[in-house]
Each structure stands twice: as C-alpha cells, then as structure tokens.
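Atoms within a ligand are numbered from 1 in the order they appear, just like the ligands themselves.
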Amino acid sequence: MAPADNRPYSPGLEGVVAGETSLSYIDGEVGRLLYRGYPIGELVRGGTYDAITELLWTGEWNPAAKLPCAPIPDAVMTALRALPHDARPMDALRTAVSAWGAVTNPSWPPTPEQARALTAFSPSALAAFARLRQGLEPVAPDPELGLVAGFLYQLNGVRPTEEAARALDAYFIVGAEHSFNASTFTARVITATRADIASAVCGAIGAMKGPLHGGAPSEVVEQIHEVGSPERAEEWVREAIANGTRLMGFGHRVYRAYDPRAAALREVAESMANKPDWLELAIAVEDVALRVLAEKHPERALKTNVEFYAAPVLMGVGLVPDLFPATFALARHAGWTAHSIEQGANNRLIRPDVKYIGYWERHVPA
Ligand code: ACO
C-alpha cells in the first residue's frame, strides 16, 4: 500500500491560491471584476480595447492609446495558405502564433513590446485565414484603425461601421483578462519555464479551445436555435438538464453572482441596430434557465456567464459562429501576455505536487 498522504487536495484546484497578480480582481460572490482597480463596466463605457491592453501591460491609463493591427510575416502567410480550408479557426490561430514565434524568436523575459507585437499580429492572422478558406485574398492592415476595427476591416475588406466596431470593442474589453482561468494559468506555467511569449500564447490557445472554457458562445447559438420559440423554452431546458446536458453560457468556477461581463454585453447586445432576431428568445431562455438551474442546484448558484451575451454581440457584428472561440482568444491575448510579463518579472518555476493513487511498489516477475 502507498503511504497515507493526508495533504489537502482540491480537485480542479478549486479555491487553491496558486500565485499573485496585480492585473485583475474578481469577487465571484457579488459579481465584481476590476482590471488594475478599474470596474469592468466603467472600462466598457469609457475605454477602448487598445487603451485597456496598455493598462494591463504597463499599468498606465492612456485613453488615447492606439494598437493598429500588424502585417503578417511571409513565412506565417505561407503556413496559413498551407492549411486545409476546413481547419478549425482556433487551430489556424494557434498555428499562426507558433509560426510567428519561429519567425520573431522572442527573448525571455516577456516585455510589453513583445505583447504589443503579438497582440497586433494575431487579428491579422485570423482574418487572413477566414478569407483564405473562402477563396479570398487576405487584406493588408489599415494603420489608421484601432485593433478591433482593424480586425473587422481585414475580415470583410471594408471599414466597419462605428457601431459594429464599438460593439466588438466592448466584447474585446470584457474578454481581455480574467485572472487565473485555465488558459491564463497555462500561459503562466509555460512562461515560468522561461519559454518565450509565443509558446505561452500557443499553449493558452490550446487550453481555451475546450468548450468548458472558450468554446461556449457558438454552442449558445446552437442551443437557442434548438429551443426555437419562447413557448418551448421551459420544456427544452428541463429536458436538457434531465439528460445531463450543460447549458452553454451558464455556470462559472468563480462567479456565484451574475457575471458582470454578461451584464455589460447584454446592454451592448440590446442597443445594437443589427442585433440578431433571436436575442428576444435568448432573453426568454435565460429567464427559464436561471429558474430551473436554481431549482436543480440549490447548493451552487449557477448564473449567466459572459459567453451567453457574447453570442448575440458577435453575431450582430457579422461574425460566423465558428470564429467565436478564436475571436475570444484574440481578446484574451491582452491578459495572457500581461500575465506572461508579470510571471517573468518575478519568476519561480510552477511545479505543484500530486497525490499518488496508483500501485505501490511491485516487481517484474523474475
Ligand atoms: N448547465 C447545467 N448544469 C450545470 C452547468 C450548466 N451550465 N454548470 C454547472 N452545472 C452543474 C454541474 O453539472 C454540477 O452538477 P453535478 O454536481 O450534479 O454534476 C454542478 O452544477 C456544479 O458544477 P460546478 O462545480 O459549478 O462546475 P465547474 O466549476 O466545474 O464548471 C463551468 C464551471 C465549466 C463553466 C460549468 O458551469 C459549465 O460547464 N458551463 C457551461 C459551459 C460554459 O458556459 N462555459 C463558459 C464558461 S465562461 C468562460 O470560460 C469565459
């Protein structure tokens, strides 16, 4: 028998403090999210994604900061052209970041300059892949546009409306940073080995690909379409929960209150001229889902998370659902790279312990 190991163990590391950060603060009980002390609602109303990236990387609040999208190095474009058209956009983005790392060979520790360069490159790469898979040529970045408007421009070949750029900017702001979530923790683990910022972001994209983390908004759209009409909502939700289906856009490891990012995005979605026609249905489904989840799980408050209202905002600006996870990854570049910088500045290799539950010592038969 293995010796008894009574050290505390928390499955999924829930509640375990695994580091220190000055980047963001979450109070899951009341639904509060601060980036470097600023409430998320104020940042959405009074900031831009470009300004928020600088705030995260440097700690300075400069509302006039600009981060235009960057051109794609030739070798990366060759890699993107070689991908099959049916490749998942998350895989294409991860491949592009990997190739970017091979071309630029970033040094360690990560710096704000590297964070700017990588965060400005990735939207160009995703937009290029989105066009190549439709048989269209990529569009060169417009240096006059901020990052989010520049992404939409490279995607569609025309400058976005002010309203679309502003709505997607709000989405990027709420997606920018969220403390020690799975992908950010992955980025920190990789940075802590003294690997470069591109490796950290590649790993983070891999971690974000799973539906329990970043893959939910496209599934939100599918679920809403399955529901079909407000009259069917109650029956559909009850049946889904009885079958063990997770309702996409609900529940969170940290939030027990309504996710403040969902609240901010609901406002944006409702104010959009181009909102999808199923937004009203989504609101009806949300009401039913919150009621049924509270009934089924009185022990654990399961509320709306950011992904639920990300879906109508992303659709409203014209993105197709299979681009949603990769678009979330673009927004989270700010947080991943800010955490890489923070980790590198005060580094210690991250190497937790594990409880052994396998065979005790045994021997190969003689
Ligand atoms: N629908 C139905 N039941 C749920 C949901 C849900 N969305 N979320 C949790 N539950 C249930 C679980 O099945 C579990 O029940 P059980 O004990 O009977 O098995 C119980 O509630 C407790 O679950 P948690 O421990 O709170 O779940 P956990 O913290 O492990 O997971 C997670 C959080 C992954 C977000 C989960 O709520 C989920 O799968 N949600 C749906 C997917 C989703 O919306 N993902 C996006 C998250 S936000 C983001 O990453 C940016």
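Regarding atom 40 (N) of ligand 1, its nearest protein heavy-atom neighbour is Phe250 O, 2.9 Å. Nearest protein heavy-atom neighbour of atom 50 (O) of ligand 1: His213 O, 2.6 Å. What sits closest to atom 12 (C) of ligand 1 on the protein, heavy atoms only, is Arg246 NH2, 3.4 Å. Nearest non-hydrogen protein atom to atom 11 (C) of ligand 1 is His297 NE2, 3.5 Å. Protein heavy atom closest to atom 4 (C) of ligand 1, with residue, atom name and distance, is Leu302 CD1, 3.8 Å. With hydrogens left out, the protein atom closest to atom 42 (C) of ligand 1 is Met248 SD, 3.5 Å, a heavy atom. Protein heavy atom at the shortest distance from atom 33 (C) of ligand 1 is Arg253 N, 3.8 Å.
Each of the atoms 51 (C) of ligand 1 lies under 4.0 Å from some heavy atom of Phe328. The contact set between ligand 1 and Val306, taken as ligand atoms under 4.0 Å from a residue heavy atom, comprises 51 (C).
Comparing heavy-atom distances from atom 3 (N) of ligand 1 across Ile241, Leu293, Val237 singles out Leu293 as nearest. Nearest to atom 22 (C) of ligand 1 by heavy-atom distance, out of Arg256, Glu14, Arg300, is Arg300. With Gly251, Ala301, Gly249 as candidates, the residue nearest to atom 37 (O) of ligand 1 on a non-hydrogen basis is Gly251. Heavy-atom proximity to atom 7 (N) of ligand 1, evaluated over Leu247, Val292, Val174, Val220, is greatest for Leu247.
Between His178 and His213, the distance from one ring center to the other does not fall under 6.0 angstrom. Within the 6.0 Å centre-distance limit, the rings of Trp336 and His333 are counted as a close aromatic pair.
By the neighbour-count criterion of 12 heavy atoms within 6.0 Å, atom CZ of Arg133 is densely surrounded, having more than that number from other residues, nucleotides or ligands. More than 12 heavy atoms of other residues, nucleotides or ligands shown are found within 6.0 angstrom of CZ on Arg291. No more than 12 heavy-atom neighbours from other residues, nucleotides or ligands sit within 6.0 angstrom of CZ on Arg194. For Arg7, the CZ atom sits in a packed shell: over 12 heavy atoms of surrounding residues, nucleotides or ligands are nearer than 6.0 Å.
Residue contacts with ligand 1, taken as heavy atom pairs separated by less than 4.0 Å, involve Asn305 solely via side-chain atoms from C-beta onward.
Under a 4.0 Å N-O distance rule, the pair Glu137/Arg81 qualifies as a salt bridge.
Side-chain contact check for Asn181 and Ser183: at least one donor-acceptor pair (N or O, by modelled atom type) lies under 3.5 Å.
Cation-pi contact between Arg362 and Tyr359: present, with separation from the ring centre below 6.0 Å and deviation from the ring axis of at most 45°.
Residue Glu299 has no nitrogen or oxygen atom sitting less than 3.5 Å from a nitrogen or oxygen atom of ligand 1, judged on distance alone.
Ring-plane geometry between Trp61 and Tyr38 is classed as tilted, the angle between the planes lying from 30 to 60 degrees on a 0 to 90 degree scale.
Distance check on atom 19 (O) of ligand 1: every protein heavy atom falls at or beyond the 4.0 Å cut-off.
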